[in-house]
Structures are given as C-alpha cells and as structure tokens.
Amino acid sequence: MNEGKDLDIEEDLGRLEDIVEELENQQLDLERSIELFEEGVKLAEEVKKNLSEAEFRLKKVVDDSELDFEAEDFNL
Amino acid sequence: MSRMKSGLFDRADEPKEEEIYSVSRLNKEARYLLEDNFGSIWVEGEVSNLHVSSAGHQYFTLKEEDSEIDAVMFAGDKKRTEVSPEDGMALLVKGTLTVYEKRGRYQLRARDLREVGKGELQEKFQKLKKKLKEEGLFEEADKKSLPEFPASIGIITSPSGAAIRDIASTIQDRFPLVRSYLFPVKVQGDEAAGEIAGALEQANRLGEQLGLDALIVSRGGGSLEDLWPFNEEVVARAIYGSHLPVVSGVGHEVDFTISDFVSDKRVPTPTAAGKEIVPDRRDIARELELKEEKLLEGCASIIREAKQELEYLTGRYGLRIPFRHYEDRSQECDELTRALIETGTDFLAEREDLIESLVDRLSLANPTSLLRKGYSVTYDESGQAVTSFADVNKGENLKTRLFEGIIRSVVTGVDESE
C-alpha cells in the first residue's frame, strides 16, 4: 500500500537547494564536489521518479463513530 | 455580360464563379463561425421587447445603454430555469451565439437564465453576507495560507456528483502523490447544510490522524436553490471554525456563495479547486531540472578551476615539481571529470549539447602559463591536438595555438625526426 512512506517533497527540495548552494560557493575540494553532485542528482531523480510514477488513490471516509475512522478505497 | 465588361475592368477584379457566395451560404458560414468560436457564454443585460410566440418561444432584446442583441429562448430550453423574463428585468443569460439564417441576424440562443439581484433567496443571501461580514468572518487577516506541497487533503462533496470526478482527475493529473480523503455529503436539499458542516468538523477532528493539510468544499453548477446549502450560516461558521485551510469551489464562474467569502481561498469551479490545492508535478520537474543543471555547472567549474590551478603551478615551478606528481593529479582530475560526465549523462541524455560544451571547456581548460613560455599546441583539421608526425599528412591544414593568437599553416612535409 506504500502508505507508511511519507513523501516529503518540501524537505527534498530544501536539501537539494542546500546542495546547489554548497556546490556554488566553490570552496570545496574535488572529491567533495563530486559527492555533492551525485547526492543532488540522485535526490532530484528520485523526486522526479516519485512524481511521475505516483498512483492516485482516493479513499472515502466511512465512519468515525468509534473514535477510529474507517476509510475505504473509492473508485469513481 | 461579364465578357462585355472585360474591356473596362481588370480581369483580376472579376469574381470566379466558385468565389461567389450565395446569401444562404454566407449566412450559414457566418453561423458556423459564431457557433464554433464562442461556445457557451454568459451575458448580462436588461430585457426589452419581450414577445412570446404561440409555440412558447420567448423572443427578447438584451440591452445595455447603447448596445443590444437579439435573444431567443426556445420552449424546450425553458425547463432549465425558473426565471421568466419580463421587460426591464436584469438578467444573466447563458447561451450560445448563432445566426438566424432566414433573416441573417445574429442572436443569442438562451439556455439558462438568472435574475440579477432579485428574489427572496437573493435577499436572504445579501442579509447573511452583510451580517457575517460585520462579524468579521470574511477578514483577509484571518485567512490561512494553503500548504505548498500537501501530503494529505480532505474533499467534502457528494460521492456521486460531477465535482468529485473533476477534482479527482485534476489532482490525479497534477499531483497524484497527495493522499485524498472524500468526506461524502449531500450537496443539495434540506439536509445538505448540516452534513457539510458536520463533515467540516469531522475532518478537523480527524485531521491529525489522517495528516490532513487542507480541505476542499465543493459542488458543481446548479440553480441558486441547488447551491443554497453553501449559503447557509451553519456551513459558513463551520468553515470559519476550521483550523485546516479551506478552499471553496462551488458552482460555475459566475456563482458566488457565502462559503466562498468565508473560505480561505475562493475558486470558481471544482476543477479549479483541484488546481488550487496541489502543485503541478510538471512545474516541480522543471524546477528539478534547473537544479540539476546548476549542480553540473557548479561541479564543472570547480574541476575547471582545479585544473587551471594545477597548470599554473606546473608552469611556475617548471621542472622543480616532480613531473610524476603532476601526472597523478592530472589523472585524478580526469577521472573525476569522467565520473561527473558519466553521472551527468544518465540524466542529461537528452541534453548532450550542455554536456558536450562542458566536456570541451573542461578538456580545453586554458594552459595559459605554458603558452606564455613559448610552447604551442597544434591541431589538425578535425581539431585533435597533433602529437606525432604520423597524425598529419602532407597538404593538411593545421592550426597552431600560441599564447597570443593562432597560426594557420599547411603541411609541406613530415619527418620522423629532425
């Protein structure tokens, strides 16, 4: 169901921005810059993949009388 | 006739037979043009010259101060509206433009009518709007902003209406990662207002458990009566009381409800609500690509600088630096460049131009300090650096790069040794 895994695009984009900034400040040695480059590209590719492969799911909230709610898949 | 005139008129002025319009063809084409270009539109104006035919069709003129248009509402379309036009009535007319071919007159074919600023419900609406406004329920300062990237949202609407389909397909297209929860309610009739208000409270109660970041209240278009639940005080207060931001998308563009005024964000339709509540993944993907380009450029410029520094040092210390050391560092530089290019190639396959230009710039990092000493580099016709007599043939054009400028030359002969 993949429900436990919360995507956090905001966090990923923030991290990516940090990486770009660090790379742009140019005080880095070569190894570090390649490391950052690879991390950044990996992150960007992952987010893009998540975005393009995500499957839309709609749930209908049925009842929450027992404090706990119930939701079922809702197909249009 | 036309033959007799040919002395007087330029032949080019004479119409070709197939270019001559018949009146009926002209009217027909004008009609297609209007019908195709306008589609369904809303027009506001005042009714005059109302005339009802024996078949029940209503003909009237819709006018403003110094402009008017003929309109007709056919008997078959009248069932869509409870408004019967009267002279002097201010109307909002929904319809299509067409040409009445028999008379060559263009007219509005009305399919739905709304009376502007009249009626009992209108009065109730204005009264509640005034009251809630005075109470401060519409204050801009109280409006919550919507999250940029919601993880989870609640949709309060009918499970069987057009609205949920429009919202779902919009979200599916733009940002399917968001978890969507439908809170099913009636959206018209006496029970609707209570159910909508109840669902707003329920969504807020379950907000934490479901991780909800924002809510939509919505329904598709309908008459003022159909939309009425969204003008009820209990719904307005539930929206105002929601600690989750609420987007209100009720009816069509022209419809305004109390829900719209009190919500954190009013949008004209259910589809627009879907657009408002989630970002578009295509925009995010573009943003990511820009970042990737910046990464590549940032990294390439670091390598470029390292290489330049290396070459500067090599030139400066000349033979005092063990040549070996230079070679090691140079190889390391090349390896890193390759790693960069390989990683880069994976995702920039379609942007080979960029990579190519970076590769060029990396490999041609300017060895100025060596050139300054009088060394030069000679390139063959394909742009390869010449390192051996075997690289060139007699008659070939060469380019030699000096510290200042370039020499072009032609090979007159080659020797293995001097």
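Note that the structure is predicted; figures quoted are calculated from it, not measured. Every chain is numbered from 1 and lettered A, B, ... according to where its sequence line falls, protein lines coming before strand lines.
- Here salt bridge (charged side-chain N to carboxylate O under 4.0 Å, His left out) pairs that include residues 192-204 of chain B, with residues two or more places apart or in two chains, are B:K186-B:E195.
- When side chains are defined from C-beta on, B:E292 counts as touching A:K48, because their heavy atoms get closer than 4.5 Å.
- The CD1 atom of A:I9 sits 11.5 Å away from the CD atom of B:E287 when rounded to the nearest 0.5 Å.
- Remark: B:K294 does not engage A:E21 in a salt bridge, criterion side-chain N to carboxylate O under 4.0 Å.
- Residues A:L58 and B:Y181 fail the side-chain proximity criterion, which asks for heavy atoms closer than 4.5 Å.
- Residues passing the salt bridge (charged side-chain N to carboxylate O under 4.0 Å, His left out) test with B:K143: none are found, sequence neighbours excluded.
- Looking at A:E10, the atoms closer than 4.5 Å to chain B (heavy atoms on both sides) sit in the backbone and in the side chain alike.
- Take B:R281 and apply the side-chain contact (heavy atoms from CB on, under 4.5 Å) test, not counting sequence neighbours, and it matches A:L51, B:P176.
- The interface of residues 243-251 of chain B with chain A, defined by heavy-atom distances below 4.5 Å, is empty.
- In this structure, the side chains of B:L182 and A:K59 stay at 4.5 Å or more apart for every pair of heavy atoms.
- Considering CG of B:L295 and OG of A:S33, their distance stands at 10.5 Å, rounded to 0.5 Å.
- Taking CG of B:L177 as the reference point, atom CD of A:E53 lies at 10.5 Å (rounded to 0.5 Å).
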